[in-house]
There are 2 protein chains.
Amino acid sequence: MTDRILTPDELEAALRAIGAERYHNLHPFHRALHDGRLNKGQVQAWALNRYYYQASIPAKDASLLARLPTTELRREWRRRLEDHDGTQPGTGGVARWLKLTDGLGLDRAYVESLEGLLPGTRFAVEAYVQFVRERSILEAIASSLTELFSPTIISERVAGMLGNYDFVTEETLAYFKPRLTQAPQDSAFALAYVREHARTAEQQTAVLNALRFKCNVLWSMLDALDYAYVVPGHVPPGAFRPGPQA
Amino acid sequence: MTDRILTPDELEAALRAIGAERYHNLHPFHRALHDGRLNKGQVQAWALNRYYYQASIPAKDASLLARLPTTELRREWRRRLEDHDGTQPGTGGVARWLKLTDGLGLDRAYVESLEGLLPGTRFAVEAYVQFVRERSILEAIASSLTELFSPTIISERVAGMLGNYDFVTEETLAYFKPRLTQAPQDSAFALAYVREHARTAEQQTAVLNALRFKCNVLWSMLDALDYAYVVPGHVPPGAFRPGPQA
């Protein structure tokens with residue numbers, strides 16, 4: 001529990017401090033990915049697992065949308081669904097993520113089947129969807145605040161991957177470019193909402209814990225990848241195993 | 001999906017084959033634990049994280065109990081709650097697990113606070129509780145069938161830990177002894193139930209997948225421990241860090 005009620009600026013500073021300590025740009029797997037130290041099979045494993053996160057985001061947002069009480073809030077949150085699901089076949093963030101897995105040589109039906117998913121990915125993503133379903137609207141919105149930190153990680157990832165992997169092209173990475181404008185717009189709204197509505201010490205503590213929780217979701221997805229595919233690689237039974245081409 | 005409807009014996013054989021391939025006695029962390037290759041801090045981390053699993057089992061069983069349709073089924077399942085929660089303060093499996101964490105020198109309030117839990121543990125355990133809450137009664141019962149395989153792992157664990165660690169005593173391991181008789185009784189009931197009620201190919205597939213899911217829960221808990229504390233140890237932000245005494 002926070003000791004006293006924070007001002008909105010202090011609350012924002014506390015949120016940003018959590019990101020500085022716990023956001024997954026600090027994870028060894030992220031650093032290995034953008035430094036070019038992974039092989040193609042390891043990058044495939046990342047894209048395959050992260051697909052489940054991308055594909056679950058609209059379900060997460062729709063469950064919050066269904067609970068929002070005003071037209072203004074629903075209109076704002078509906079934009080996230082449009083960004084991820086698109087307006088026509090082949091558009092939107094989920095479809096663009098599949099261009100990434102296509103570009104990496106993964107079979108699309110296999111990716112969408114989720115068969116090769118690490119259990120650690122599945123449980124982390126489902127914990128996030130469940131959190132947004134069960135917690136207060138304030139906590140659900142606060143858990144989206146990792147987007148405050150995502151433009152940095154996206155820029156690092158795109159520059160690092162383009163510079164270091166010959167199997168990655170700008171077209172393969174088409175997912176990320178729109179996120180550089182969408183994420184700041186989304187996080188600006190969520191931050192303003194949290195600054196305004198987290199007024200008691202209990203609410204402020206809940207908001208800070210929601211962001212910690214979400215950082216844990218992203219971090220443990222990279223833990224699972226690093227353990228299964230990198231150090232030195234303990235692929236759990238049934239999960240994706242890179243082929244000889246990788 | 002199974003290709004055709006299996007006989008009860010074939011279904012049981014298929015369930016046992018899943019255990020032979022995916023039960024966590026095959027995990028490198030389990031082998032290191034019972035071979036005496038862990039230090040005290042690593043054993044503490046195991047006991048601390050596994051506490052959350054133990055403490056969540058009664059909640060899982062109570063949610064199933066609340067959905068069971070007959071006195072006979074509820075009476076059978078209620079026994080599990082009695083085993084874990086006991087009948088008086090200080091009795092039952094959860095209390096005996098705390099004797100283990102006590103014996104390993106962990107502060108009980110810290111263990112019960114769950115503060116030092118690995119996110120991977122939390123998400124896996126919560127996925128199990130959620131599975132039992134949401135799925136059919138048949139799938140929920142089938143997900144308990146890992147107990148078919150637990151007498152072996154318990155015997156290995158107890159013999160290995162007593163033989164290899166001077167900080168472990170028979171009293172510390174008091175949790176495990178009653179499980180050697182409880183688990184076979186529980187799994188005999190669950191197996192008979194599944195053999196009788198999984199009649200269609202869809203039901204049989206669901207039962208096999210429920211056991212695979214549960215094996216993934218246990219396996220990914222050891223993945224998280226092995227990654228955080230053993231190879232070579234990437235403790236995530238905020239999680240338990242063994243002290244200098246360990």
Side-chain angles (χ1 to χ4, degrees), chain A residues 17-32 49 53 114-131 133-135 208-209 211-239, chain B residues 17-32 49 52-53 114-131 133-134 208-209 211-239:
Chain A
I18 289 171
E21 193 194 341
R22 290 169 174 259
Y23 192 56
H24 63 160
N25 66 317
L26 301 170
H27 195 285
F29 189 92
H30 167 69
R31 294 204 307 270
N49 278 276
Y53 177 82
L114 307 176
E115 269 175 40
L117 214 59
L118 292 171
T121 303
R122 185 182 289 277
F123 300 153
V125 169
E126 289 175 2
Y128 182 35
V129 174
Q130 199 59 29
F131 184 96
R133 241 181 229 149
E134 285 180 348
R135 299 301 183 100
L208 295 169
N209 284 337
L211 182 57
R212 284 191 194 99
F213 161 80
K214 174 64 176 303
C215 285
N216 287 348
V217 167
L218 297 172
W219 190 279
S220 78
M221 287 169 64
L222 296 190
D223 280 357
L225 281 164
D226 211 26
Y227 182 71
Y229 297 106
V230 183
V231 291
H234 301 77
V235 182
Chain B
I18 289 171
E21 193 194 340
R22 290 169 175 260
Y23 192 56
H24 62 161
N25 65 318
L26 301 170
H27 196 284
F29 189 92
H30 168 70
R31 294 204 307 270
N49 277 275
Y52 185 53
Y53 178 82
L114 307 177
E115 269 176 40
L117 214 58
L118 291 171
T121 303
R122 185 182 290 277
F123 301 152
V125 169
E126 289 174 1
Y128 182 35
V129 174
Q130 197 59 29
F131 184 95
R133 238 181 233 150
E134 285 180 348
L208 296 169
N209 283 337
L211 182 57
R212 283 190 194 100
F213 161 81
K214 174 66 176 303
C215 287
N216 287 349
V217 166
L218 298 171
W219 190 279
S220 79
M221 286 169 65
L222 296 189
D223 280 356
L225 281 164
D226 211 25
Y227 182 71
Y229 297 106
V230 183
V231 290
H234 300 78
V235 183

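Here is the naming used below: chain letters follow the sequence lines, and residue numbers restart at 1 for every chain.
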Using a cut-off of under 4.5 Å for heavy-atom pairs, which of Cys215(B), Pro236(B), Ala224(B) has the most such pairs with chain A?
-> Pro236(B)
Taking every heavy atom of Gly120(B) against every heavy atom of Ser220(A), the minimum-distance pair comes out as N-CB, 4.4 Å
Residues passing the side-chain hydrogen bond (donor to acceptor under 3.5 Å, both in side chains) test with Arg133(B), sequence neighbours excluded, are Gln130(B)
Test side chain to side chain contact (heavy atoms under 4.5 Å, CB included) applied to Phe123(B) and Val125(A), step by step = CA-CA 9 Å; Phe123(B) 301 152; Val125(A) 169; over 6 Å; no
Could you list which of residues 18-25 of chain B have a heavy atom closer than 4.5 Å to any heavy atom of chain A, in residue-number order?
-> Glu21(B), Arg22(B)
With sequence neighbours left out, what residues match Arg212(A) under salt bridge (charged side-chain N to carboxylate O under 4.0 Å, His left out)?
-> none
Leu26(B): what forms a side chain to side chain contact (heavy atoms under 4.5 Å, CB included) with it, not counting sequence neighbours?
-> Trp219(B)
To the nearest 0.5 Å, how far apart are CG in Leu118(B) and CG in Asn216(A)?
-> 10.0 Å
